[in-house]
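Some notes on the structure that comes next.
These values consider heavy atoms only, across backbone and side chains, with no hydrogens, waters or symmetry-generated copies. Numbering of ligands and ligand atoms starts at 1, following listing order.
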Amino acid sequence: MIDPDLPRRAFLKAAVATGGAGALSACLGRAPRAGNPVPTGPDDLSTLPDRQHAWNERVRTDEHGNTELPRHQVLLYLTLDGQGPPGEDQRETVAGALRTLDRAYERNNEGLLHSIAYSPAYFERYDTRLPADIDLPGPRALSSFEEPTLDTQDALLHLASDRADVVLEAEEAVTGERSEANGVAVEATLTDAMTVDSRRTGFVGAGMPADRQDVAGIPDSNPVPEASPLFMGFKAGFRGNQATEEYVTLDSGPFAGGTTKHVSNIRQRLRDWYDEQTFEQRVMEMFSPGHAEADLVDGIGANLGADSGIEEFLDDLTDHASEFGRVGHAQKAARANRDDAGNVRLLRRHFESTDDDIASLHFPSLQRGITAFEEVRRAMNGQDLTDNPAIRQRVNNGILEYIFTEHRGNFLVPPRRHRALPTPRPTA
Ligand code: HEM
């Protein structure tokens with residue numbers, strides 16, 4: 001039960017984490033819709049973008065043009081009812097449920113952003129295979145030191161909004177707990193075709209991690225800066241270090257307009273990060289030793305502007321490892337995160353979580369193919385750098401000492417036209 005005496009911000013986050021009808025009515029009681037209406041979606045749904053992942057134009061940006069992700073997010077991992085491929089009735093149900101969300105909320109951070117994605121296990125229900133150029137292997141461990149639970153549910157529905165009450169209401173609309181959403185009648189209930197196997201929640205943005213740091217994984221010293229959007233104390237997702245939506249979009253075949261999505265959940269244990277390391281050492285391990293030496297990062301790093309500047313520090317990675325006894329997280333990952341023409345390959349959209357009162361990170365990453373994600377993640381492992389005795393597999397090796405991968409799942413995000421239980425080879 002949510003304590004109604006919680007301060008308002010903490011209250012709304014607690015409401016999303018808890019979920020359920022009680023949470024929503026409590027939430028609306030605190031922030032009545034009448035006083036703060038939510039914009040509804042268009043009557044003509046063909047005006048919506050074909051890309052389900054077209055979020056960047058529909059969220060806030062900071063003064064440098066970096067996108068700021070919606071503050072409240074929910075991931076619903078779904079299992080299709082029954083064996084084998086879905087029936088037409090199930091497809092219509094899913095289509096109707098998603099249309100309800102489209103109509104009920106303007107597609108942006110003040111309304112709702114949402115997308116549904118399907119796993120390799122879902123496509124295996126069919127006799128037909130996905131087109132050969134769809135790069136969607138099953139999830140697997142990506143380092144020698146992790147044993148994640150592999151998420152092989154059929155589908156993943158991702159809901160995101162700056163409004164906690166919207167995320168909750170949308171969830172209730174798709175799970176059959178309400179008959180209208182933002183004044184729009186619910187056309188069909190997603191859970192008439194699918195079952196929620198796992199519900200995961202999160203948040204991102206200045207103030208929220210600091211407010212929520214009283215959880216396992218964060219030391220008692222209350223170290224998370226108020227300004228930080230993430231528990232680790234830095235800003236992430238600079239425009240120059242992110243792939244564009246265009247770049248990650250599949251450009252041909254039946255799923256043109258779609259993309260692939262890897263989602264991991266990463267537990268954080270930040271006691272030594274904060275209590276044993278200086279700010280300078282944290283900068284070295286998060287960005288690069290060169291960033292610390294040149295004093296490039298002020299506070300959470302907002303001063304970096306629209307680019308972390310990491311490309312300056314890729315050639316001297318080995319020399320700096322010897323000189324400073326540390327290598328940077330961004331520095332290692334960036335080595336594999338450019339194509340031959342210098343384009344960034346991954347579009348990261350990670351957000352924090354306090355599910356089960358544990359500090360963790362939900363890490364969705366969009367890319368044209370899952371292989372790109374796997375290559376970048378392996379570069380981040382930095383196994384090749386452990387020739388240097390100061391750099392061990394998980395010590396002085398970026399942030400690996402503090403993060404633990406608990407889950408991994410891979411999904412195809414179809415274009416909107418094929419978002420309702422697609423076959424492996426949908427026709428127009
Ligand atoms: C708790 C976990 C993590 C935190 C707090 C974190 C934070 C950061 C920060 C602050 C940066 C530098 C700013 C930026 O470019 O966005 C960064 C860069 C990056 N991180 Fe992470 N990260 C985490 C986990 C991961 C994971 C699991 C991956 C998986 C591959 C990853 C991949 C990257 C990449 C590709 C870059 C950009 C490097 C480039 O410029 O190409 N990060 N991260």
Side-chain angles (χ1 to χ4, degrees), residues 62 64 66-69 141-143 145-146 148 202 204 209 217-218 224-225 228-244 247-248 261-270 273-274 282-288 290-292 296-297 299-314 317 327-339 342-353 358-367 370-382 397-408 410:
D62 68 12
H64 304 291
N66 302 311
T67 54
E68 305 218 313
L69 290 169
L142 296 178
S143 71
F145 47 88
E146 65 179 44
V204 63
I218 314 279
V224 181
S228 180
L230 296 170
F231 279 130
M232 290 194 83
F234 296 106
K235 189 179 165 86
F238 298 98
R239 189 156 47 100
N241 304 85
Q242 290 276 53
T244 60
Y247 185 84
V248 301
K261 182 169 184 169
H262 174 88
V263 187
S264 36
N265 174 259
I266 300 171
R267 183 176 179 155
Q268 301 175 69
R269 288 205 177 97
L270 303 184
W273 173 249
Y274 279 115
R282 290 199 290 275
V283 170
M284 286 191 195
E285 290 194 346
M286 184 59 87
F287 293 90
S288 77
H291 277 71
L296 297 181
V297 181
I300 62 162
N303 67 303
L304 291 167
D307 196 307
S308 74
I310 203 70
E311 289 181 28
E312 296 292 309
F313 301 102
L314 302 189
L317 192 143
V327 290
H329 160 69
Q331 184 185 32
K332 281 181 299 167
R335 296 180 298 171
N337 197 25
R338 303 290 180 279
D339 69 10
N343 299 302
V344 179
R345 303 170 77 196
L346 309 189
L347 176 50
R348 293 164 284 135
R349 285 183 168 161
H350 52 82
F351 55 97
E352 298 289 3
S353 178
I358 291 169
S360 78
L361 186 90
H362 294 302
F363 195 102
S365 170
L366 305 180
Q367 51 284 309
I370 294 294
T371 304
F373 179 82
E374 295 191 341
E375 288 172 358
V376 176
R377 173 62 213 216
R378 291 212 167 92
M380 174 183 149
N381 291 343
N397 199 341
I399 57 176
L400 294 175
E401 188 178 341
Y402 321 98
I403 65 172
F404 303 83
T405 308
E406 302 288 336
H407 286 265
R408 289 195 182 284
N410 292 336

If you have a sec, work out which protein heavy atom is nearest atom 2 (C) of ligand 1 and how many Å separate them, to one decimal? Leu361 CD2, 3.4 Å
Could you tell me how the ring of Trp273 sits relative to the ring of Phe234: parallel (under 30°), tilted (30 to 60°) or perpendicular (over 60°)? perpendicular
State the atoms of ligand 1, each with its element, that fall below the 4.0 Å cut-off from a heavy-atom position in Asn337. 35 (C), 39 (C), 41 (O)
Can you find a non-hydrogen atom of Gln331 under 4.0 Å from ligand 1? no
Side chain to side chain contact (heavy atoms under 4.5 Å, CB included) test vs Lys332 passes for just one of Leu400, Val376, Leu314, namely Leu400
Numbered atoms and elements of ligand 1 in range of Arg377, under 4.0 angstrom, heavy atoms: 27 (C), 30 (C)
Counting C-beta onward and ignoring hydrogens, is there a side-chain heavy-atom pair between Met380 and His329 closer than 4.5 Å? yes
Could you name all protein N, O or S atoms found under 2.8 Å from atom 21 (Fe) of ligand 1? His329 NE2
Closest to atom 13 (C) of ligand 1 by heavy-atom distance, out of Phe363, Phe373, Phe238, is Phe238
If the contact criterion is a heavy-atom separation under 4.0 Å, does Ile310 count as touching ligand 1? yes
Checking heavy-atom distances from atom 7 (C) of ligand 1 to each of Met232, Met286, Lys235, the winner is Met286
Under 4.0 Å from a heavy atom of Ala334: which atoms of ligand 1 are those, numbered in the order shown and with their elements? 38 (C), 39 (C), 40 (O), 41 (O)
Answer side chain, backbone, both or neither: which part of Phe287 comes under 4.0 Å from ligand 1, heavy atoms only. side chain
Please list, in number order, the atoms of ligand 1 under 4.0 Å from a heavy atom of Gly237. 14 (C), 16 (O)
So the atoms of ligand 1 within less than 4.0 Å of a heavy atom of Ile403 turn out to be 1 (C)
Tell me whether Asn241 has any N or O atom under 3.5 angstrom from an N or O of ligand 1. yes
Residue portion contacting ligand 1 (non-hydrogen atoms closer than 4.0 Å) for Ile266: side chain
